[in-house]
Protein chains: 2
Amino acid sequence: MRDVSQLAGVSRMTVSRAISDPELVLPATREKVAKAIAALGYVPDRTAGSLSSRKTGFIALMLPTLTNANFAAVAHGLTEALRDANFHLLIAYTEYDMVEEERQLRNLLARRPEAIVMTGATHSPAASKLLLAADVPIIEIADLPSRPIGHVIGFSNHEVGRTAARYLIDKGHTRIGAIGGTVEGEVRDHRGEERMRGFEDELRLAGLSADAVLRYGEAPLSYDHGAAAIARLLKKSPDCQAVFAVSDLSAVGAMMQCQRMGVSIPDQLSLIGFGDFEIGRIVDPPLTTIHVDFNELGRRTGATLLALLGEDGDARPGRVDVGLSVVERESVSKA
Amino acid sequence: MRDVSQLAGVSRMTVSRAISDPELVLPATREKVAKAIAALGYVPDRTAGSLSSRKTGFIALMLPTLTNANFAAVAHGLTEALRDANFHLLIAYTEYDMVEEERQLRNLLARRPEAIVMTGATHSPAASKLLLAADVPIIEIADLPSRPIGHVIGFSNHEVGRTAARYLIDKGHTRIGAIGGTVEGEVRDHRGEERMRGFEDELRLAGLSADAVLRYGEAPLSYDHGAAAIARLLKKSPDCQAVFAVSDLSAVGAMMQCQRMGVSIPDQLSLIGFGDFEIGRIVDPPLTTIHVDFNELGRRTGATLLALLGEDGDARPGRVDVGLSVVERESVSKA
DNA sequence: ATGAAAGCGCTAACAC
DNA sequence: GTGTTAGCGCTTTCAT
């Protein structure tokens with residue numbers, strides 16, 4: 001920057017202003033500076049700028065995993081929303097491991113993000129303490145915690161499960177099952193488990209048995225999980241009429257496995273998923289699923305962040321439920 | 001940090017050492033410092049540390065998109081490899097747009113990464129200039145450029161296309177087509193196009209027509225693309241026996257579309273994809289595809305980075321071809 | 001509208 | 001093994 005200022009024949013302060021707040025500089029001066037910058041190929045050092053201004057321009061985003069289209073959509077929506085404000089996303093992922101989450105959070109905090117976005121609302125005590133002490137806006141997303149740390153933009157996973165159960169019940173099914181991940185071990189998907197609980201609760205409310213609700217395999221759940229889980233479930237409960245999969249990926253895996261086993265969907269078995277993944281539209285029959293607008297979730301989060309970081313008196317914690325909807329396709333039949 | 005040093009009764013320098021190079025500090029002192037840190041909930045500020053030490057601990061990673069399992073696998077492998085060395089990945093994505101790539105690169109450079117990992121080797125002139133001037137190790141991955149900027153860890157996309165063509169030809173097919181993205185507009189997948197070219201070249205080498213090679217739709221290619229493209233292709237070239245899809249996602253979309261149109265795979269149409277995505281193992285029939293170990297690519301890149309950043313005399317640019325292999329499953333028949 | 005001085009929170013380099 | 005001094009490249013603040 002010193003080089004630029006010398007070449008342009010102005011002080012370094014003027015260069016700084018010409019870059020970050022051009023309005024404050026005479027057009028002629030601005031021009032000279034721009035030329036010098038181009039000639040030298042100067043790229044400002046935001047590390048130094050961050051230290052001085054005490055604004056890093058970082059937003060921390062904690063995700064369970066990168067390899068999930070919906071979480072990627074959140075990251076995507078967020079990035080879009082923040083791009084023009086010149087914020088950078090600092091992404092960390094936990095692999096559904098709370099010990100790892102804490103480690104990652106510490107690393108993130110060392111970069112002094114101006115806000116922290118956490119996926120989910122279940123944290124280790126140490127992580128919660130870290131978050132509380134961070135003194136920056138916290139947003140918990142993709143969940144609807146009863147005791148949130150800061151702002152909330154999400155949906156109720158419990159309600160997802162209940163909605164799935166109600167839908168299947170309304171179709172006249174009575175022998176209803178579900179497939180999801182296990183709760184044992186360190187690696188677990190709390191939000192998926194919440195969907196399973198909601199499902200079981202609604203089943204019980206309707207006086208139906210929850211015996212065919214199967215927890216099997218570790219997060220992240222994908223096609224293989226669904227294939228293996230449905231095989232187990234049908235062995236254990238051969239008379240099952242309808243199944244909820246906590247993730248569309250599992251649902252699709254289950255569908256393919258059924259195809260191989262000669263179980264016709266939806267004639268012999270109805271299937272409903274969660275997440276509205278693109279693949280669900282493509283398979284045959286198209287998958288009935290529960291949709292949450294994750295892109296919107298990301299964009300909303302970005303807009304909230306911008307508002308929060310714009311005004312000084314940070315508004316009191318907000319709570320937004322982006323809701324959910326059933327996408328009726330053809331994988332569920334009437335009983 | 002000042003607070004920590006006072007509480008521990010040592011100088012700030014000792015605190016710094018106790019954190020970043022504990023060996024240099026007496027165990028007793030170390031202990032005192034650790035206690036003070038815990039008591040105060042102190043988290044070091046790496047922004048300040050970076051400025052002072054001139055090491056940011058950032059590695060820049062430029063990806064076409066986040067929403068692709070293989071690129072996500074690269075990011076994953078890289079993160080794993082770098083985690084223990086306390087490096088952070090700074091991820092940017094271009095959405096297959098070279099103008100955007102340049103913008104993103106400038107933003108990345110402002111964070112002073114210690115190395116830059118670029119996916120692909122086709123950059124705008126301005127981006128190339130930026131890269132050349134960056135004065136940090138550059139690694140181009142997932143490609144095998146003839147005129148690389150720095151290190152290369154990748155595979156030949158051209159060879160992928162040739163291999164696909166050869167495989168189909170060896171099976172006795174003569175009326176062979178392909179589906180990939182368009183080359184028009186700003187948004188394009190150069191590496192996918194390279195695979196298409198390799199495919200065409202091999203077809204011509206065998207004296208076969210490349211008329212049924214269809215370029216349609218913009219990157220990123222996914223299920224919908226495959227479904228739409230195969231419908232168009234079969235309309236245009238109804239006698240087509242075998243098709244290469246530049247991405248497994250397109251291949252799966254094509255497969256589902258064929259199912260809907262009553263075209264039996266592989267009896268009436270053979271299909272080979274690229275990328276070995278998980279879904280390809282799950283569909284029925286399982287998809288024959290060309291596999292590249294993207295996870296290994298990420299890990300290799302991480303290891304190379306560590307070596308590069310470890311030693312002072314940075315080794316001369318290396319070139320690694322991770323190769324490729326055909327995964328024979330059941331979507332290709334003999335003619 | 002521009003400039004000068006001070007300092008952000010750390011660590012490199014050198015001293016003891 | 002620990003402390004002192006100086007300074008990383010910017011921006012804040014205040015002056016002109």
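Chain letters run A, B, ... following the sequence lines, proteins first, then strands; residues in each count from 1. What you see is a predicted model; the values in this text were computed from it and never measured.
- Protein atom CZ of B:R54 is 12 Å distant from nucleotide atom C1' of D:dC10, rounded to whole Å.
- Place B:P27 and A:L51 on DNA chain D by their nearest nucleotides, and B:P27 ends up nearer the 5' end.
- Using cut-offs of 30° and 60° on the angle between ring planes, the pair A:H76 and B:Y93 is parallel.
- Proximity note for A:D45 (side chain, C-beta onward) versus D:dG9, C:dT2, D:dT2: the nearest is D:dG9.
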Q: Can you check each nucleotide of nucleotides 11-16 of chain D against protein heavy atoms at under 4.0 Å and return B for base, S for sugar-phosphate only, - for none, in 5' to 3' order?
A: BB----
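- Atom CG of B:L109 and atom P of D:dC10 are 13 Å apart (whole Å).
- Residue-to-nucleotide proximity on DNA chain D shows that, of A:R46 and B:S11, the 5′-proximal contact is made by B:S11.
- As rounded to whole Å, 13 Å separates atom P of C:dC8 from atom CG of B:D3.
- Summarising the geometry, the separation between CD1 on A:I37 and P on D:dC10 is reported as 10 Å, rounded to the nearest angstrom.
- A straight line from CZ of A:R112 to C1' of C:dC8 spans 12 Å, rounded to a whole angstrom.
- A distance-only check finds no donor-acceptor pair linking the side chain of B:T29 to the backbone of B:V25 [under 3.5 Å].
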Q: Let me see the working for B:E186 and B:V99 under side chain to side chain contact (heavy atoms under 4.5 Å, CB included), right down to the final yes or no.
A: CA-CA 8 Å; B:E186 282 184 348; B:V99 176; 4.1 Å; yes
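- Although no hydrogens or angles enter the test, the distance criterion places no donor-acceptor pair under 3.5 Å between the side chain of A:T14 and the main chain of A:V10.
- The CZ-C1' distance, from B:R2 to C:dG7, rounds to 12 Å in whole Å.
- Looking only at side-chain heavy atoms (C-beta outward), A:P220 and A:Y96 come within less than 4.5 Å of each other.
- Close to C:dC10, at under 4.0 Å from its OP1 or OP2, lies a side-chain N or O of B:Y42.
- The closest side-chain heavy-atom distance from A:L309 to A:P137 is below 4.5 Å.
- For the pair B:Q6 CD and D:dG3 P, the interatomic distance rounds to 13 Å; values are reported in whole Å.
- Contact between the side-chain N/O atoms of A:T14 and the OP1/OP2 oxygens of C:dA1 is not found at any separation under 4.0 Å.
- The nearest whole Å value for the distance from the CD1 atom in B:I19 to the P atom in C:dC10 is 8 Å.
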(Q) Using the rule given for salt bridge (charged side-chain N to carboxylate O under 4.0 Å, His left out), can you reason through B:R319 versus B:E140, listing the C-alpha separation, both sets of side-chain angles and the distance that settles it, and then say yes or no? (A) CA-CA 10 Å; B:R319 181 189 196 82; B:E140 287 168 292; over 6 Å; no
